[in-house]
Protein chains: 2
Amino acid sequence: MKTTQNIDVTVDAIVFGYNKEIGVTVLLIKRKNDPFKGQWALPGGFVEPTESLELAVARELKEETGVKINYLEQLYTFGQPDRDPRKRIISVAYFGIVKSSQFKKLKAADDAEDAEWFKIKHLPALAFDHQKILKMAIDRLRSKMIYQPIGFELLDKKFPFSDLEHLYSTLLGRPIDRRNFRKKVMGLGILEELDEKAPSLGAGRPGNLFQFNKATYNQLVKEGMHFEI
Amino acid sequence: MKTTQNIDVTVDAIVFGYNKEIGVTVLLIKRKNDPFKGQWALPGGFVEPTESLELAVARELKEETGVKINYLEQLYTFGQPDRDPRKRIISVAYFGIVKSSQFKKLKAADDAEDAEWFKIKHLPALAFDHQKILKMAIDRLRSKMIYQPIGFELLDKKFPFSDLEHLYSTLLGRPIDRRNFRKKVMGLGILEELDEKAPSLGAGRPGNLFQFNKATYNQLVKEGMHFEI
DNA sequence: ATATTTTGTGTTGTTTTCACGCAATAAAGG
DNA sequence: CCTTTATTGCGTGAAAACAACACAAAATAT
C-alpha cells in the first residue's frame with residue numbers, strides 16, 4: 001500500500017430553490033479566500049477525515065449559507081487533475097433541493113463573504129469548473145423531474161395545483177395542457193387533495209390545496225410503478 | 001486552506017460481459033495482498049496524483065486483468081468513513097462493458113492473484129463494501145438498458161437479432177415478444193441489417209446479422225430522440 | 001352589479017402499445 | 001432427395017394512452 005497520495009477531497013453542493021414569481025434558482029456563495037477570491041462559486045469544502053460525504057455537505061451548507069436541505073443525492077465526482085490551481089483536488093458534487101417556503105432565508109458565514117440565490121437563466125461567472133458542474137446539475141434536474149416526483153420537493157408542503165403546473169411548465173420550457181396534466185398527475189395517486197383553499201393573491205378563484213404523499217409514492221415504486229410526466 | 005487531509009482516493013471498476021450460453025457476467029479479481037487477501041473483489045486501485053480518474057480505471061484494469069473496455073461511465077462515489085479497515089479511503093466506482101467477443105480473455109497480474117468472470121446470479125463473497133457497489137451497478141445496468149442502447153455494447157460488433165433478444169430477455173428477467181421487440185428496435189433506426197448470415201449452431205434457420213450504428217444513434221439523441229424499450 | 005381573473009372539468013379523434021397466428025426458410029436426419 | 005424440425009420474419013385487430021380542445025363556476029377589483 002502507498003504511504004500518501006496527497007489528493008484532497010471536497011464536496012460541492014448544487015442547491016435548487018423555486019418560487020412562482022422568480023422561477024428556479026440555485027444557491028451560490030461569494031468566495032472569501034483565494035483562489036478565486038470574490039468570485040461566485042458553489043457552496044462546499046473539504047471533507048473531514050471522519051465524517052461521511054453527506055454529512056460534509058450538510059455541514060458546509062449550514063456553515064456557509066444556513067439553508068435546510070429537503071432532498072439530497074449524489075450527482076457526480078469531478079476529478080480532472082488540473083481542476084484546482086492549488087493541488088489535486090477531487091470533488092464529489094451533491095444535488096440538493098430546498099422547499100419553496102424557506103428558499104429565501106440566507107445568512108452568509110464562514111468561508112463565504114456572501115450567499116445568494118441566482119436564477120438558473122441568469123448565472124454569474126463561476127470559480128473552478130463549477131460552471132460545468134452546475135450545467136450537469138441543471139440537466140439532471142430537468143431530466144429527472146419527468147420520471148421522478150422531485151418537482152414536489154421544490155414546492156411547499158401544501159400547494160395549489162397551479163404551482164405544480166407552473167413549475168413543470170417553466171422547467172420543461174414548454175406550455176403544458178392544464179387538463180391533461182392534472183389528469184395524469186392525479187392518476188398517479190400520490191397527491192392528496194386537502195379541504196383547504198389557497199390564500200388568494202389578487203384576483204381570481206382560489207384553488208384547492210394539495211400535498212404530496214411520499215409514503216404512498218415509495219410504496220408504489222416498490223410495487224414497480226413507472227412514474228412519468 | 002488545510003495542509004493535509006489524509007484521505008486516499010481509489011477507483012473501482014464494475015465490468016460486465018455477456019455470452020449467450022453463460023449470461024451476464026462481471027469481472028472480479030482475487031486479492032493478492034491484505035486486507036482481504038485471497039478474497040474476491042472488484043478490480044481497482046489508487047489514483048496516481050497526476051492521472052485522471054478515467055485513466056486510473058483503464059490503467060488498473062489493464063494491470064490487473066488485461067481486458068479492453070468498450071464502454072465506461074462513472075457510477076457512484078463511495079465514501080463511508082469505515083469502508084476500508086486501513087484508513088479513510090474514498091472510492092469512485094466506474095461501470096464498464098466489454099464486447100461479447102473478447103469477454104473471455106483474461107490474464108491475472110499485478111495486485112491480482114487471479115481474475116475471473118462470475119455470473120451475476122452466482123457471486124462469491126466480496127471484500128470491502130464491494131457487494132453493495134456491485135449491486136448498485138447491476139441495478140444501473142438493468143434500468144439503463146431500457147432507455148439507452150447499452151445492450152449493444154455487450155454484444156459483438158455483428159450479431160444475429162436473436163442474441164439481442166436473449167440479452168434483453170435474460171437481463172430484464174421476463175420473456176419478451178419477439179415480433180413487437182423487433183418492430184420497436186428496428187423502428188429506432190439505429191440497427192443496420194447486413195448481407196450476412198449468422199453461422200448456424202445446430203438446427204434451424206440461421207438469422208441475418210445486424211450491427212449497431214453508434215453514429216446514427218448519437219445523431220438522433222442530439223435531435224432529441226427518446227429511446228425506450 | 002359588472003368586469004376580470006383564475007380554477008375546474010369531459011369528450012373525441014389519433015397514436016401507440018400489446019397480444020397473437022402463420023407462412024417461409026434453412027439445416028439436420030433418414 | 002425428401003421429410004422433419006427449429007427458427008426467422010411479417011401483419012392485423014383490440015385495448016390503452018395521448019393530444020387537442022371550450023366553457024361554466026368562484027372569487028376579487030372597480
Side-chain angles (χ1 to χ4, degrees), chain A residues 19-21 100 145-147 149 155-156 158-170 172-211 220 223-229, chain B residues 20-21 145-147 149 155-156 158-170 172-212 220 224-229:
Chain A
N19 178 288
K20 195 162 36 163
E21 284 78 44
S100 174
M145 71 188 309
I146 68 177
Y147 65 90
L155 297 176
D156 232 329
K158 301 173 180 181
F159 54 87
F161 205 89
S162 55
D163 276 16
L164 187 65
E165 213 182 296
H166 287 137
L167 171 60
Y168 271 81
S169 167
T170 42
L172 299 179
R174 57 180 153 89
I176 56 181
D177 183 290
R178 190 148 43 94
R179 285 166 289 188
N180 292 336
F181 182 73
R182 192 185 186 109
K183 245 179 294 178
K184 196 175 248 175
V185 173
M186 291 314 272
L188 299 171
I190 55 178
L191 272 193
E192 286 167 1
E193 186 161 5
L194 305 173
D195 268 341
E196 206 174 334
K197 299 220 171 299
S200 79
L201 38 119
R205 170 180 174 181
N208 233 318
L209 287 180
F210 290 79
Q211 115 184 350
L220 289 172
E223 290 168 12
M225 181 188 76
H226 182 63
F227 180 95
E228 178 152 355
I229 295 226
Chain B
K20 195 165 31 165
E21 283 78 43
M145 72 187 310
I146 68 176
Y147 65 92
L155 298 175
D156 233 329
K158 300 172 181 180
F159 54 87
F161 204 89
S162 54
D163 275 18
L164 187 65
E165 213 182 296
H166 287 136
L167 171 61
Y168 271 81
S169 167
T170 44
L172 298 180
R174 57 177 155 93
I176 55 179
D177 184 290
R178 187 146 41 90
R179 293 156 289 191
N180 291 335
F181 183 72
R182 179 181 273 251
K183 248 179 291 179
K184 198 174 247 177
V185 174
M186 292 314 271
L188 299 172
I190 57 178
L191 272 194
E192 286 167 2
E193 186 161 7
L194 304 174
D195 268 340
E196 207 174 335
K197 298 218 171 302
S200 81
L201 39 119
R205 170 181 174 181
N208 231 321
L209 287 180
F210 290 79
Q211 117 184 345
F212 173 47
L220 289 174
M225 181 188 75
H226 182 63
F227 180 95
E228 178 150 358
I229 294 229

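Reminder, nothing fancy here: chain letters follow the sequence lines and each chain counts from 1. Atom set for the values below is all heavy atoms of this structure, side chains included, hydrogens, waters and symmetry mates excluded.
- Here the C1' atom of nucleotide C:dT9 and the CE atom of A:M186 are 13 Å apart, to the nearest Å.
- Taking CD from A:E192 and CG from A:L209, the interatomic distance works out to 12.5 Å, rounded to the nearest 0.5 Å.
- A:L167 contributes atom CG, which lies 8.5 Å from atom CG of A:L172 (distance to the nearest 0.5 angstrom).
- Rounded to whole angstrom, the span from the CZ atom of B:F161 across to the P atom of D:dG9 amounts to 9 Å.
- The nearest whole Å value for the distance from the CG atom in A:L164 to the P atom in C:dG8 is 12 Å.
- In this structure, A:I229 atom CD1 and D:dA19 atom C1' are separated by 16 Å, rounded to whole Å.
- Side-chain contact between B:I229 and B:M145 is absent, with no heavy-atom pair separated by less than 4.5 Å.
- Taking NZ of B:K20 as the start and CG of B:L155 as the end, the distance is 10.0 Å to the nearest 0.5 Å.
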Protein-proximity profile, nucleotides 11-23 of chain C, B/S/- by nucleotide at the 4.0 Å heavy-atom cutoff, equals B------BBBB--
Could you pull out all donor-acceptor pairs under 3.5 Å where a side-chain atom in residues 180-191 of chain A meets a protein atom, sequence neighbours excluded?
unit_1, atom_1, unit_2, atom_2, d
A:N180, OD1, A:K183, NZ, 3.3

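- Here the closest heavy-atom approach between residue A:P175 and residue A:S169 is recorded as CA-OG, 4.1 Å.
- Atom P of nucleotide D:dC21 and atom CZ of A:F181 are separated by 20 Å, given to the nearest angstrom.
- The distance between atom NZ of A:K20 and atom P of C:dT5, rounded to the nearest whole Å, is 15 Å.
- Note on A:S162: every side-chain N or O is 4.0 Å or more away from OP1 and OP2 of C:dT6.
- The side chain of A:R182 approaches C:dG8 more closely than any other nucleotide in the set C:dG8, C:dT5, D:dG9.
- For B:N208, whose side chain is taken as the heavy atoms from C-beta onward, the closest listed nucleotide among D:dG9, C:dA27, C:dT9 is D:dG9.
- Regarding A:R178, its CZ atom lies at a distance of 15 Å from the P atom of D:dC23, rounded to whole Å.
- Rounded to whole angstrom, the span from the CZ atom of A:R174 across to the P atom of D:dA20 amounts to 11 Å.
- A search for salt bridge (charged side-chain N to carboxylate O under 4.0 Å, His left out) contacts involving A:E196 returns A:K158, not counting sequence neighbours.
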